[in-house]
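Written out below as structure tokens is the structure these notes cover.
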Protein chains: 2
Amino acid sequence: MENVLAELLPQLTRLSNTLGRGRLYERARAGAGVTLERPAMTILMILNAAGEPLRIGEIANRMQVEGPHVTRQVQVLEKDGLVERVVDPADARARLIALTNRGQDAASQYLAVVLGWFAEALSDWPAADRRDLTRLLARMVDDLSTHLASLD
Amino acid sequence: MENVLAELLPQLTRLSNTLGRGRLYERARAGAGVTLERPAMTILMILNAAGEPLRIGEIANRMQVEGPHVTRQVQVLEKDGLVERVVDPADARARLIALTNRGQDAASQYLAVVLGWFAEALSDWPAADRRDLTRLLARMVDDLSTHLASLD
DNA sequence: TATTGTTATACTCTATAACTATA
DNA sequence: TATAGTTATAGAGTATAACAATA
């Protein structure tokens with residue numbers, strides 16, 4: 001198996017670079033009608049995927065970054081009217097970060113562009129292959145995340 | 001398909017963050033016996049995968065970064081004795097970057113640690129699933145790269 | 001006393017512009 | 001005149017340390 005994975009690793013790196021950086025990101029971001037730095041957009045995506053307001057610390061966990069970084073990005077998002085910060089009713093130390101309507105729209109539109117790219121790129125695929133890929137890929141990410149977390 | 005991919009996208013981002021950043025990277029790097037910044041290690045991996053010396057510009061292409069970034073990283077690698085720079089015999093303007101023995105060892109050992117993580121995480125998988133995943137994932141990365149490149 | 005978040009600061013990563021050398 | 005690479009500089013991304021407020 002290792003030989004196959006050895007080929008895969010650079011490809012995964014390349015894919016994540018392609019999607020996460022450079023002009024391609026600018027193009028997808030333009031579709032969202034906003035001008036945000038990448039980590040700020042990542043926060044919108046995380047809130048969108050969560051479907052509920054999240055704490056600063058929880059966002060930092062999911063991004064796998066330190067707290068202060070999230071604090072600053074959220075300040076920009078709040079200034080732009082894309083998120084709101086409310087005191088957590090369960091704990092006055094914490095803040096809950098929620099998408100505003102504008103923030104929800106931006107997240108949805110950004111996601112639509114990127115998913116559209118995926119759909120176009122894979123339009124020739126047999127449906128069975130698409131199903132298999134998403135199933136196996138989800139499981140891999142799951143198993144790998146669990147395993148890597150267990151190393152600490 | 002799009003709903004499944006919508007869940008997958010943050011997971012892919014998270015996976016690439018997990019592998020590419022933070023203490024996990026430090027641990028894999030320690031296995032390689034060197035102390036390099038991430039982009040420098042990426043260059044070692046690219047040269048290792050290529051199996052032959054590459055030009056600065058070609059490395060920049062594969063990393064999807066601009067030239068000056070590669071120049072500086074290569075200067076560090078050369079100072080550490082992990083790569084050599086020789087004038088391209090075919091074009092005296094260009095430089096060919098080649099792994100030294102030490103650089104080859106560092107790349108191999110780093111790769112062994114990361115591939116070991118993959119192998120452990122997927123150890124319970126049926127062989128057929130592993131084969132299917134690598135085959136489909138390679139094809140996806142390929143098709144997606146082609147499609148995204150065609151957008152420019 | 002421990003935890004959530006913020007402020008201040010510094011380091012890493014990457015891009016752009018100006019330049020040198022060769023084609 | 002165009003191309004490969006380098007040097008210089010600036011901006012984006014992230015971490016660490018010190019602090020404030022609440023638990």
Side-chain angles (χ1 to χ4, degrees), chain A residues 13-14 16-26 29 34-46 53-79 83-98, chain B residues 13-14 16-26 29 34-46 53-79 83-98:
Chain A
T13 304
R14 186 162 166 240
S16 102
N17 281 347
T18 302
L19 286 174
R21 220 169 46 207
R23 315 200 189 296
L24 218 46
Y25 168 68
E26 288 167 28
R29 188 182 60 178
V34 292
T35 308
L36 292 174
E37 292 173 359
R38 243 189 315 137
M41 183 63 81
T42 301
I43 291 174
L44 293 187
M45 299 303 292
I46 285 175
L54 296 177
R55 291 181 175 199
I56 292 278
E58 180 57 27
I59 295 172
N61 273 341
R62 300 194 188 194
M63 292 179 75
Q64 298 174 220
V65 298
E66 298 300 318
H69 184 49
V70 175
T71 293
R72 269 204 333 161
Q73 297 294 336
V74 164
Q75 284 166 349
V76 174
L77 288 170
E78 189 181 28
K79 189 167 53 62
V83 303
E84 285 175 336
R85 272 193 327 176
V86 301
V87 174
D88 187 339
D91 183 343
R93 291 171 305 181
R95 307 277 175 270
L96 287 176
I97 314 301
Chain B
T13 303
R14 184 160 169 244
S16 102
N17 282 347
T18 301
L19 286 174
R21 221 168 49 205
R23 316 199 190 295
L24 219 46
Y25 168 69
E26 289 167 27
R29 187 183 61 177
V34 292
T35 309
L36 291 174
E37 291 172 2
R38 244 189 314 138
M41 183 65 79
T42 302
I43 292 174
L44 292 187
M45 300 301 293
I46 286 175
L54 297 176
R55 290 182 175 198
I56 292 280
E58 179 58 26
I59 295 172
N61 273 341
R62 300 195 188 192
M63 292 179 74
Q64 296 172 224
V65 298
E66 299 300 319
H69 184 50
V70 176
T71 292
R72 270 205 332 159
Q73 297 294 337
V74 164
Q75 285 166 348
V76 174
L77 288 170
E78 189 181 27
K79 188 166 56 59
V83 304
E84 285 175 337
R85 273 192 326 177
V86 300
V87 175
D88 187 339
D91 183 344
R93 291 171 304 182
R95 306 277 175 271
L96 287 176
I97 315 301

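So you know, we letter chains A, B, ... as the sequences are listed, proteins then strands, and number each from 1.
Atom OH of Tyr25(A) and atom C1' of dT14(C) are 16 Å apart (whole Å). Between the CZ atom of Arg38(B) and the C1' atom of dA12(D) there is a distance of 13 Å, given to the nearest Å. Rounded to an integer number of Å, the gap from Leu77(B) CG to dT6(D) P is 13 Å. Put simply, CD on Glu37(A) is 6 Å from C1' on dA12(D), counting in whole angstrom units. Regarding Met63(A), its CE atom lies at a distance of 10 Å from the P atom of dG13(D), rounded to whole Å. Taking atom CD1 on Ile56(A) and atom P on dA21(D), their separation rounds to 17 Å, with Å as the unit. Per the geometry, CD1 belonging to Ile97(A) stands 14 Å off P belonging to dT4(C), to the nearest Å. Atom C1' of nucleotide dG5(C) and atom CZ of Arg85(A) are separated by 9 Å, given to the nearest angstrom.
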*Go through Ile46(B) and Glu58(B) one step at a time and tell me if the side-chain contact (heavy atoms from CB on, under 4.5 Å) criterion holds.*
CA-CA 10 Å; Ile46(B) 286 175; Glu58(B) 179 58 26; over 6 Å; no
*Would you please test Val70(A) and Val65(A) for side-chain contact (heavy atoms from CB on, under 4.5 Å) and show each step?*
CA-CA 8 Å; Val70(A) 175; Val65(A) 298; 3.8 Å; yes
_Go through it in stages, so that I can follow the logic: the residues are Arg85(A) and Val74(A), the test is side-chain contact (heavy atoms from CB on, under 4.5 Å), and I'd like the CA-CA distance, side-chain angles, deciding distance and then a yes or no._
CA-CA 9 Å; Arg85(A) 272 193 327 176; Val74(A) 164; 3.8 Å; yes
*Report the C-alpha distance between Gln75(A) and Lys79(A) in whole Å, list the side-chain angles of each, state the deciding distance to 0.1 Å, and finish with yes or no for side-chain contact (heavy atoms from CB on, under 4.5 Å).*
CA-CA 6 Å; Gln75(A) 284 166 349; Lys79(A) 189 167 53 62; over 6 Å; no
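The pair Asp88(B)-Arg55(B) meets the salt-bridge criterion, since a charged nitrogen lies less than 4.0 angstrom from a carboxylate oxygen.
Among the nucleotides dG5(C), dG13(D), dT7(D), the one closest to any side-chain atom of Thr71(B) is dT7(D).
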_Where protein sits on nucleotides 15-23 of chain C, one letter per nucleotide: B base, S sugar-phosphate only, - none, heavy atoms under 4.0 Å_ = SBB---BBS
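Partner Ile43(B) forms a side chain to side chain contact (heavy atoms under 4.5 Å, CB included) with one of Val76(B), Leu36(B), Ile59(B), Ile56(B) and no other, that one being Ile59(B).
In this structure, CD on Gln73(B) lies 6.5 Å from CE on Met63(B), to the nearest 0.5 angstrom.
Phosphate contact (OP1/OP2 of dT14(D), side-chain N/O of Gln73(A), threshold under 4.0 Å): absent.
Projected onto DNA chain D by closest heavy-atom contact, Pro39(A) and Gly57(B) fall at different nucleotides, the more 5' of which corresponds to Gly57(B).
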